[in-house]
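Single-structure report; data block below.
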Amino acid sequence: VQLQASGGGLVQAGGSLRLSCAASGRAFSSYAVSWFRQAPGKEREFVSGIMWGGGNTFHANSVKGRFVISRDNDKNTVYLQMNSLKPEDTAVYYCAAGTIVDPAPGDYDYWGQGTQVTVSS
């Protein structure tokens, strides 16, 4: 499975962005997919995750109520809708695929290349 993250950019605080994680390869629908982010000088942290069928989603407390994760298995794509963005959301965002949604980045099999999100105050 190869993952391609896109949709990042520069946005003012309070604005919105939608990230996409497009997958190629077989059996994408059998993978859980999560978004992580990494700000300069900080460790990579879990943001949101979605299980295979899309029925179960998980969010870090810092983004709960602001971010929504969804997937379209027909299009082999997972989305992260980010609303009410804050300067502290600034980071490189990565998508990752694995067996289950896990906040530990080491438990994922595949990673996308990352997309930069910058939120200005």
Side-chain angles (χ1 to χ4, degrees):
V1 175
Q2 292 183 324
L3 304 176
Q4 179 80 28
S6 63
L10 173 63
V11 64
Q12 288 187 332
S16 299
L17 282 174
R18 188 177 80 158
L19 305 184
S20 298
C21 177
S24 61
R26 297 181 297 175
F28 172 71
S29 61
S30 67
Y31 287 93
V33 176
S34 293
W35 287 93
F36 288 79
R37 66 187 181 187
Q38 188 165 20
K42 295 187 176 182
E43 294 185 350
R44 192 167 296 190
E45 65 172 356
F46 173 82
V47 176
S48 300
I50 187 166
M51 293 296 285
W52 319 281
N56 292 328
T57 61
F58 305 87
H59 298 279
N61 287 336
S62 59
V63 306
K64 203 168 290 184
R66 300 188 297 124
F67 290 11
V68 178
I69 189 170
S70 62
R71 68 189 298 162
D72 186 338
N73 286 335
D74 290 336
K75 295 182 178 179
N76 280 4
T77 303
V78 170
Y79 304 98
L80 184 68
Q81 178 67 43
M82 306 186 296
N83 302 317
S84 302
L85 282 162
K86 304 175 181 180
E88 51 264 44
D89 294 318
T90 296
V92 177
Y93 284 69
Y94 300 88
C95 58
T99 305
I100 60 171
V101 173
D102 192 322
D107 289 339
Y108 288 82
D109 301 313
Y110 305 99
W111 287 85
Q113 85 290 0
T115 184
Q116 175 71 46
V117 171
T118 303
V119 184
S120 63
S121 57

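The figures here come from the full heavy-atom set of this structure, side chains too, leaving out hydrogens, waters and symmetry mates. Quick caveat, the model's predicted, so the values are computed rather than measured.
Between the side chains of Gln4 and Ser6, no donor-acceptor pair of N or O atoms lies under 3.5 Å.
Across all their heavy atoms, Phe28 and Ala23 have their closest contact at CD1-CB, 3.2 Å. When all heavy atoms of Ser20 and Thr77 are compared, the pair lying nearest together is CB-CG2, 4.2 Å. Listed here is the closest heavy atom pair of Gly7 and Leu17: O-CD2, 3.9 Å.
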Side chain to side chain contact (heavy atoms under 4.5 Å, CB included) evaluation trace for Arg37 with Ser62: CA-CA 12 Å; Arg37 66 187 181 187; Ser62 59; 3.5 Å; yes
Thr99 vs Asp109, test: side chain to side chain contact (heavy atoms under 4.5 Å, CB included). Steps then yes/no. CA-CA 8 Å; Thr99 305; Asp109 301 313; 4.2 Å; yes
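Under the 4.5 Å side-chain heavy-atom criterion for ILVMFWY residues, no single connected hydrophobic cluster contains both Tyr31 and Tyr108. There is a path of hydrophobic side-chain contacts, each under 4.5 Å, that joins Phe67 to Val78. Note: the hydrophobic cluster containing Leu19 also contains Val11 (ILVMFWY, side chain heavy atoms under 4.5 Å, direct or indirect links). When hydrophobic clusters are built by joining Ile, Leu, Val, Met, Phe, Trp and Tyr residues whose side-chain heavy atoms come closer than 4.5 Å, directly or via intermediates, Tyr94 is grouped together with Phe58. When hydrophobic clusters are built by joining Ile, Leu, Val, Met, Phe, Trp and Tyr residues whose side-chain heavy atoms come closer than 4.5 Å, directly or via intermediates, Leu80 is grouped together with Ile50.
The closest donor-acceptor contact from the side chain of Ser48 to the backbone of His59 lies at 3.5 Å or more, if one exists at all. A donor-acceptor contact shorter than 3.5 Å links the side chain of Arg71 to the backbone of Met51. A distance-only check finds no donor-acceptor pair linking the side chain of Gln38 to the backbone of Ala91 [under 3.5 Å]. A donor-acceptor contact shorter than 3.5 Å is absent between the side chain of Asp102 and the backbone of Ser34. Judged by distance alone, with hydrogens and angles left aside, the side-chain atoms of Trp111 form no donor-acceptor pair with the main-chain N or O of Leu3 at under 3.5 Å.
Below 30°, between 30° and 60°, or above 60°: for Phe46 and Phe36 the angle between ring planes is above 60°, a perpendicular geometry.
Taken from CG in Asp72 to OG in Ser29, the straight-line distance is 11.0 Å, to the nearest 0.5 Å. To the nearest 0.5 Å, the span separating CH2 on Trp35 from OG1 on Thr115 amounts to 7.0 Å. The NZ atom of Lys86 lies 14.0 Å from the OG atom of Ser121; values are rounded to the nearest 0.5 Å.
For the pair Met82/Asp89, no side-chain contact is recorded, criterion being any heavy-atom separation below 4.5 Å from C-beta on. By the 4.5 Å heavy-atom criterion applied to side chains, Thr57 and Val101 are not counted as neighbours.
The neighbour count for Gln116 CD, taken as heavy atoms of other residues, nucleotides or ligands under 6.0 Å away, is above 12.
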